[in-house]
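A quick write-up on the structure given underneath.
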Amino acid sequence: MFASSLDTAIEFLKGVGPKRAELLQKELGIFTCENLLGHFPFRYIDRTRFYKINELDPDLPYVQILGRVTSKELVGEKHKRRIVARLTDDTGSIDLVWFQSLKWVDENVMKGKVYIVFGKPAVFNGTYSISHPELENYPRPATVTGNLTLQPVYHSTDKLKKSFLDSKGIQKLQAAILGQFLREIRETIPLYILEKYKMPVRSEALLNIHFPKNPSALKHAERRLKFEELFFIQLQMLHNKQQRELRFKGHLFGVVGDRLNSFYKDILPFELTDAQKRVIKEIRVDTQRGIQMNRLVQGDVGSGKTVVALMSMLLANDNGYQACMMAPTEILARQHYESLTALLKGRLVNVAILTGSTTKKQRTQLHEKLESGEIDILVGTHALIEDRVVFKNLGLVVIDEQHRFGVEQRARLWRKNIIPPHILVMTATPIPRTLAMTLYGDLDVSLIDELPAGRKPIETKHLYEGQRLRMFGFMKEEIAKGRQIYVVYPLIKESEKLDLLHLEAGIEQMSYQFPRPQYQISIVHGKMSNTDKQFEMQQFIDGKSQIMVATTVIEVGVNVPNASVMVIENAERFGLSQLHQLRGRVGRGAEQSFCILMSGNKLSKEGKLRLETMVRTNNGFEISEIDLQLRGPGDISGTQQSGVLELKLADLAKDQLILQEARNTVIEILGEDPRLELPKNSLLKTYLSKKSRGIAFDKIS
Ligand code: ADP
Ligand code: MG
């Protein structure tokens, strides 16, 4: 029913054939005409703009010049044979050069004639030239593409170019498809939505994205196609969420009982921040609705997520359920265990820990206590989700550092009960709103956007290599005050060998500046055995060493409150969010903490902006927004395995408004018509049912 001629294999499009079809498949993943239509231009050249010859500059992209051919000659021998023509306007002249198709050029490029010349200027020995320019007669004849004011430029590859499928060649194919199949392009978005947002229908949008009638038509086309892209992601996510809520019941945490009450009244040593109170309230509401909670709590390092987790777990306990908390590493699990028992002062509930290094005997006992319900809260690593771990009545799972646990692992937890436990995901990596909506669109999101009162903000300084001695001096002062210090080196796969050399040189320099026995240095990096790492870290945690030199392995959450200085070497090589994460390792105790960003003297513009941002603000959300603007969503942590990278047109850094519109639209639609039964939403219903049967989206139009 949905088959259309756009499903035609690309091979059968006029001008393609089997050879080029194979190339298009291999190089660009294009199998059908519809696929090719989805290969959008990545930019446009303004054909209304004519450059003067004296304005040329080798940094310019493609330019258009109007000029007269004043000479033309064949020069060079054999493979160096070429035609050089001189093009002149009222400001100067340049050379046009051809190495191929000499016969055609000789017959068609006429001395004395005026042409519109199009190409990329280059400079050689002080003379400007354009090789293999495109020439058009002046004035332009009134053909379709000749009248384009904005010329599309398509991504192509060397192999494609050799088969004449450069940008121009691809443009011709697009013209062929649109000429032949324009009327068969089916709409995907219900008309009433298009009308509401004043968006063009799909065929018009596709026509104008490839061959814009004018800049305004292009803008509308882009908006519509971006909307479409984001709209269907949101539809999928929010529909999944709704289905999950319809399908699974959730445990009811109806009462606040003795444990939570007495923890709050008698044990908790501080006042909760407003943000913490708000998030706890959100969790309370979620867990009283009879549906399964799936909530993401985002909060900067030190914003107090652990207490929120603990109070939620006590709520579960008060209602007769067990709770567990998972961490990505053993060290972190142990730290969580310790902070929970410290917060509880050993009272109210039974907390246990289970990790890879739990002995068999301990494990057997633990399993029994879990099954009998004697253990209220279990903390641990991945070991928690093994099938042999059986709870009496698991009601809540807290997952720390979300990006280490995928959707698949979350799903495994659910299988542990008939009614799935509530899920609370905690992340200390603040991510921009647009990313959160796209990556975690099926989760509810809570923000702890406030630090506990009285916290001293970390002071951040940027020092250049030449100021290194000053840094050593400062380190010595802090150590004399009893503080501990992290020194972190970058270790990046692509430059691993060099990085390890730098690390070694750094360690040598440190050992020289901070000699034993007065100073002890712990060294931790990814190439060490786990046992050695654990030992070195423990030395630092126990205060037996004053300095910990490390590669980024410490990035994920070690908590040493007495460590108050973070030195980051080659700071310009780290991404913003990574710098922010690293900085978050200090500032956990009562003392004023410092972050020192060491960099080389030469900085790129971006590198400089990153370091300036770090010096200016401690706010993780602000930093994540800047990170998104600088790097795009692909590099922000957590996005790597997700589909966000596959967005063709929409840009999560720039298209926030469109995303919000798309999401709101979906919320409205599902609110009014949860099962998509209204005739006006039939397209959407079809989309989802095709999608759930694994049929690619572009087969649906
Ligand atoms: P994170 O969000 O990084 O996990 P933690 O939960 O570890 O932060 O909290 C950091 C520190 O702040 C802990 O020592 C914790 O006890 C303390 N803390 C948490 N909430 C408050 C608060 N409202 N007032 C004062 N201290 C708090
Ligand atoms: Mg934490």
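The structure displayed is predicted, hence computed values, not measured ones. In each ligand, atom 1 is the first atom listed, and ligand 1 is the first ligand listed. Residue numbers run from 1 in the order of the sequence given.
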Steps toward side chain to side chain contact (heavy atoms under 4.5 Å, CB included) verdict (V586, F594): CA-CA 7 Å; V586 298; F594 302 90; over 6 Å; no
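- Ligand 1 has no nitrogen or oxygen under 3.5 angstrom from a nitrogen or oxygen of L343.
- For the pair S303 and ligand 1, a heavy-atom separation below 4.0 Å is found.
- Ring orientation note: the planes of Y486 and F540 are tilted relative to one another, at an angle of 30° to 60°.
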Verdict with reasoning, L340 to M325, per side chain to side chain contact (heavy atoms under 4.5 Å, CB included): CA-CA 10 Å; L340 292 180; M325 185 167 185; 3.9 Å; yes
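- Under 4.0 Å from ligand 1, not a single heavy atom of I448 appears.
- The aromatic rings of F472 and F514 sit perpendicular, their planes meeting at an angle over 60°, well past the 30° parallel limit.
- Remark: ligand 1 atoms within the under-4.0 Å shell around heavy atoms of E271 are 22 (C), 23 (N), 24 (N).
- Taking a 4.0 Å cut-off on heavy atoms, D300 registers as neighbouring ligand 1.
- Relative orientation of the Y464 and H462 rings is tilted, given thresholds of 30° and 60° on the angle between their planes.
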Test side chain to side chain contact (heavy atoms under 4.5 Å, CB included) applied to L378 and L384, step by step: CA-CA 8 Å; L378 180 65; L384 291 191; 3.2 Å; yes
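- In terms of N/O distances under 3.5 Å, ligand 1 is not approached by L272.
- Distances from ligand 1 to the non-hydrogen atoms of M426 include no value under 4.0 Å.
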Using a 3.5 Å cut-off and no angle test, enumerate the donor-acceptor pairs between side-chain atoms of residues 348-358 and protein atoms at least two apart in sequence or in another chain.
{"residue": "N350", "atom": "ND2", "partner": "E374", "partner atom": "O", "Å": "2.9"}
{"residue": "T355", "atom": "OG1", "partner": "E330", "partner atom": "OE2", "Å": "2.9"}
{"residue": "T355", "atom": "OG1", "partner": "S357", "partner atom": "N", "Å": "3.2"}
{"residue": "T355", "atom": "OG1", "partner": "S357", "partner atom": "OG", "Å": "3.3"}
{"residue": "S357", "atom": "OG", "partner": "E330", "partner atom": "OE2", "Å": "2.2"}
{"residue": "T358", "atom": "OG1", "partner": "T355", "partner atom": "N", "Å": "2.9"}
{"residue": "T358", "atom": "OG1", "partner": "T355", "partner atom": "O", "Å": "3.1"}

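- Contact atoms of ligand 1 toward T273: 23 (N) (distance under 4.0 Å to a heavy atom of the residue).
- When heavy-atom distances to ligand 1 are checked against a 4.0 Å cut-off, Q276 comes that close only through its side chain, counted from C-beta outward.
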